[in-house]
Protein chains: 2
Amino acid sequence: MIGQRNTKARENIIKYLKKINRPVTAHEIYSSIGKTGEKINLTSIYRNINLMKKKNLVHSIILNDKVERFELLENKPHHHHIICNQCGRIDDIEMKENEIETKVKNKTCFKIKSHILEFFGLCPNCQ
Amino acid sequence: MIGQRNTKARENIIKYLKKINRPVTAHEIYSSIGKTGEKINLTSIYRNINLMKKKNLVHSIILNDKVERFELLENKPHHHHIICNQCGRIDDIEMKENEIETKVKNKTCFKIKSHILEFFGLCPNCQ
DNA sequence: GTTTTTGCAAACTTTTTGCATGCGG
DNA sequence: CCGCATGCAAAAAGTTTGCAAAAAC
């Protein structure tokens, strides 16, 4: 559960994130729920999403447009994305990253905690 | 040259970026130039930096704080960064990325154009 | 002298916060 | 009924834009 109470807002946010199953902005959540006829407030979305991030139910990515996109972690292993430069489609992609991190660990004197790895290009439809 | 005219603002921005030689925010440029006694306007920084981006003299990265950091490309090969979670220190790091991109190309039906790869951790001083 | 560049204020976008009201358990 | 959640308006912070004034050539 997200917080301490079951509310319509929370139910709708989770339902939508489950259905869409890719990283979406707060506004996408907002307008998509709005289109179903349900009423929801942007502030509530931010508050609930941030709560979910704290509880590790959701994680987010930030790309070049500086907008945060949220994704339900449910049943998802750690993964990265591949994003179409034209239509914005975002697919998941998995990689052997322990290899990468080990390489970087050996090259630098940093203690590596995490990384971002995102690819950009043209999806099959846009090529 | 940046635009069509030589101005003090442009000269100072480039001088600072050359000296600092790592990705910095518009505000860092602003206050650092200010500290030298030179006067400069934030808007001018944004306008000049964006011009430089268009001309491929500068590129930028966006991390979790959603703030754009600019870096002079001059003499720099394509590279990535390793960022200290504690003090914010940003070092360069190079990798064999053609390997990575080829792997991704084979895994997906996307035509890959670019990627982001940034590491986070603790620098030697902060460990 | 003309065109580019600047400075300033204001707009804009995304996200957060304060505060009063509402709803869940 | 008590406290968590919501809605609304306003605040923040970073960035962009419009317009008149200044500077470059």
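Quick note on labels: first sequence line is chain A, next is B, and so on, each numbered from 1.
What separates CD of Glu68(A) from C1' of dT16(C) is a distance of 12 Å, to the nearest Å. If you measure from atom CZ of Phe70(A) to atom C1' of dT15(C), you get 9 Å, rounded to the nearest angstrom. Nucleotide dC12(C) holds its P atom 14 Å from the NE2 atom of His27(A), rounded to whole Å. A straight line from CG of Asn48(B) to P of dT4(C) spans 15 Å, rounded to a whole angstrom. Between the P atom of dT15(C) and the CG atom of Asn64(B) lies a distance of 12 Å, rounded to the nearest Å. When rounded to the nearest whole Å, the span between OH of Tyr30(A) and P of dT14(C) equals 13 Å. Across the protein-nucleic acid pair, Asp65(B) atom CG and dT16(C) atom P stand 13 Å apart, rounded to whole Å. Atoms CD1 (Ile2(B)) and P (dT5(C)) sit 10 Å apart, rounded to a whole Å.
Residues Arg22(A) and Glu28(A) are paired through a salt bridge, judged by an N-O separation under 4.0 Å between the basic side chain and the carboxylate.
A close approach under 4.0 Å does occur between a side-chain nitrogen or oxygen of Lys66(B) and OP1 or OP2 of dT15(C). For Asn50(A) and dT16(C), the shortest distance from a side-chain N or O to OP1 or OP2 is below 4.0 Å. For the pair Tyr46(A) and dT15(C), the criterion of a side-chain N or O lying under 4.0 Å from OP1 or OP2 is met.
When the shell of 6.0 Å around NZ of Lys76(A) is examined, it contains more than 12 heavy atoms from other residues, nucleotides or ligands.
For DNA chain D, the span of nucleotides reached by chain B at under 4.0 Å from its heavy atoms goes, 5' to 3', from dG14(D) to dC25(D).
Between Cys87(A) and Cys84(A), the shortest heavy-atom distance links the atoms N-SG, 3.6 Å. Closest heavy-atom contact between Lys55(A) and Met1(A): NZ-O, 4.0 Å. Among all heavy-atom pairs drawn from Ile83(B) and Phe110(A), the shortest one is C-CE2, 3.7 Å.
Side-chain atoms of Arg10(A) come within 3.5 Å of backbone N or O of Arg5(A) as a donor-acceptor pair.
A side-chain donor-acceptor contact under 3.5 Å links His115(A) and His80(A).
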Write out a two-atom table: protein N or O, nucleotide N or O from nucleotides 18-25 of chain C, distance below 3.5 Å.
{"unit_1": "dG18(C)", "atom_1": "O6", "unit_2": "Arg47(A)", "atom_2": "NH1", "d": "3.4"}
{"unit_1": "dG25(C)", "atom_1": "OP1", "unit_2": "Asn6(A)", "atom_2": "N", "d": "3.4"}

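Under a 4.5 Å side-chain heavy-atom criterion applied to ILVMFWY residues, the cluster that includes Ile33(B) comprises Ile2(B), Ile13(B), Ile14(B), Tyr16(B), Leu17(B), Ile20(B), Val24(B), Ile29(B), Tyr30(B), Ile40(B), Leu42(B), Ile45(B), Tyr46(B), Ile49(B), Leu51(B), Met52(B), Leu57(B), Val58(B), Phe70(B), Leu72(B) as well.
At a threshold of 4.5 Å between non-hydrogen side-chain atoms, the residues Asn12(B) and Lys15(B) count as touching.
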